[in-house]
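Report on the following structure.
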Amino acid sequence: MRLDTVLDVRDGTHDTPKYVENGIPLITSKNISNGHLDFSNIKYISEKDFTEINKRSNVEKGDIIFAMIGSIGNPVIVDTDRKFGIKNVALLKNINHSLDMNFVLHYLYLLENLWIKNASGAVQKFISLKKIRSSLIPFPPLEEQRRIVEKVEELQSSISNLSK
């Protein structure tokens, strides 16, 4: 199935809001790495700018975000209730409760390589929402998705243990 038939695919702002000393965190690609959100080196925006960005991309716990400009990919499942805005970051929201977001996350790692190969832009590579939305994703039954996730995580753990 196409991603946009099973997920709500959006993105954050592409404009650069005015930064403030204290406010709401603004997540960009530099704040997403190794499967985690990094709030340590963050810029802040006003509540007003956050409200505007949030109309377009209301990020919630359990959503998936990833960089779509520059370092394409690095998908993460949002694991915090902390509010933040996103800039140049894709947002995937679950609209089909027969879809395990961990399954989607692991599948995005495969798509990431394809997207990087087919990225547009000369100076700074990017993947468009149109390309993301039209990307194909397998849609096995929910229990099969969970078995796949379990096996992938088991294999990742084994590989991680070998490298220690």
Side-chain angles (χ1 to χ4, degrees), residues 2-97 99-137 149 152-153 156 160:
R2 302 225 176 267
L3 274 181
D4 68 348
T5 61
V6 292
L7 294 163
D8 181 359
V9 181
R10 308 177 190 183
D11 64 353
T13 186
H14 295 275
D15 299 326
T16 301
K18 183 179 178 202
Y19 298 120
V20 296
E21 196 166 316
N22 292 306
I24 310 295
L26 183 66
I27 294 289
T28 64
S29 60
K30 70 178 176 134
N31 305 108
I32 304 171
S33 65
N34 300 322
H36 300 286
L37 291 175
D38 180 7
F39 287 92
S40 64
N41 181 20
I42 200 92
K43 293 188 177 179
Y44 297 94
I45 57 174
S46 69
E47 185 77 39
K48 180 182 176 209
D49 284 339
F50 168 74
T51 300
E52 267 313 297
I53 293 169
N54 211 33
K55 287 178 186 174
R56 175 183 177 128
S57 55
N58 178 26
V59 182
E60 299 172 299
K61 191 174 188 174
D63 292 343
I64 294 176
I65 61 173
F66 61 89
M68 53 190 297
I69 296 177
S71 57
I72 297 166
N74 294 316
V76 299
I77 294 179
V78 176
D79 63 355
T80 181
D81 289 318
R82 184 176 184 180
K83 66 181 183 176
F84 59 88
I86 55 175
K87 178 179 186 248
N88 298 331
V89 171
L91 169 65
L92 305 179
K93 300 179 90 49
N94 193 350
I95 55 172
N96 186 325
H97 297 291
L99 193 61
D100 183 310
M101 292 303 271
N102 286 298
F103 173 79
V104 174
L105 179 74
H106 289 297
Y107 191 72
L108 290 176
Y109 290 129
L110 296 174
L111 285 177
E112 181 178 271
N113 293 321
L114 179 67
W115 287 337
I116 291 168
K117 274 189 209 173
N118 296 307
S120 304
V123 176
Q124 193 169 34
K125 297 290 185 184
F126 71 93
I127 182 79
S128 69
L129 271 182
K130 183 178 179 181
K131 284 183 182 175
I132 295 168
R133 288 177 174 144
S134 66
S135 295
L136 296 175
I137 185 170
V149 167
V152 167
E153 290 177 354
Q156 286 176 329
S160 177

Just to verify, which of Ile32, Asn34, Leu108, Asp38 counts as forming a side chain to side chain contact (heavy atoms under 4.5 Å, CB included) with Val76? Ile32

Verify side chain to side chain contact (heavy atoms under 4.5 Å, CB included) between Thr28 and Asn88, making sure each step is shown before the conclusion. CA-CA 6 Å; Thr28 64; Asn88 298 331; over 6 Å; no

Please determine which of Leu110, Asn118, Ile116 meets the side chain to side chain contact (heavy atoms under 4.5 Å, CB included) test together with Leu114. Asn118

Side chain proximity check, Asn74 to Ser33, heavy atoms < 4.5 angstrom: no

Which heavy-atom pair separates Ile24 from Lys83 by the least distance, and what is that distance? CD1-CE, 3.4 Å

Correct closest heavy-atom pair for Phe84 and Ile65 would be CE1-CD1, 4.2 Å

Enumerate the ring-ring contact (aromatic ring centres under 6.0 Å, His included) contacts for residues 40-75, please, sequence neighbours excluded, ordered by first and then second residue. Phe66-Trp115

Okay, side chain of Lys93, backbone of Asn58: is any donor-acceptor separation there less than 3.5 Å? yes

For side chain to side chain contact (heavy atoms under 4.5 Å, CB included), just list the numbers for Thr80 and Val78, CA-CA rounded to whole Å, side-chain angles, deciding distance to a tenth of an Å, and then say yes or no. CA-CA 6 Å; Thr80 181; Val78 176; 4.1 Å; yes

To the nearest 0.5 Å, what is the distance between CZ (Arg133) and CZ (Arg2)? 13.5 Å

How far does CD1 of Ile86 sit from CG of Asn54, to the nearest 0.5 angstrom? 9.0 Å

Taking Asn94 for the side chain and Met101 for the main chain, is one N or O donor matched with an acceptor at less than 3.5 Å? no

Which atom names give the shortest non-hydrogen contact between Ile72 and Glu112, and what distance separates them? O-CG, 3.9 Å

How long is the gap from CG on Leu92 to CZ on Arg10, to the nearest 0.5 Å? 10.5 Å

Supply the atom-to-atom distance Lys43 NZ to Glu21 CD, rounded to the nearest 0.5 angstrom. 13.5 Å

With a 4.5 Å limit on heavy-atom distance, are the side chains of Lys48 and Lys18 in contact? no

Write down the atom of Leu26, the atom of Pro17, and the distance for their closest heavy-atom approach. CD2-CG, 3.9 Å

So which heavy atom on Met68 is nearest to which on Ala90, and how close? SD-N, 3.6 Å

Ignoring hydrogens and angles, tell me if any N or O in the side chain of Asp49 forms a donor-acceptor pair with the backbone of Ser46 under 3.5 Å. no

Which distance, rounded to the nearest 0.5 Å, do you find between the OG of Ser120 and the NZ of Lys130? 11.0 Å

Any chance you could measure Leu111, atom CG, to His106, atom NE2, to the nearest 0.5 Å? 13.5 Å

side-chain hydrogen bond (donor to acceptor under 3.5 Å, both in side chains) with Lys87: which of Asn31, Thr16, Thr13? Thr16

Looking at Asp11, Ile64, Asp63, which one forms a side chain to side chain contact (heavy atoms under 4.5 Å, CB included) with Leu91? Asp63

Heavy atoms only: give me the nearest Val6-Ile95 pair and the separation to one decimal. O-CG1, 3.3 Å

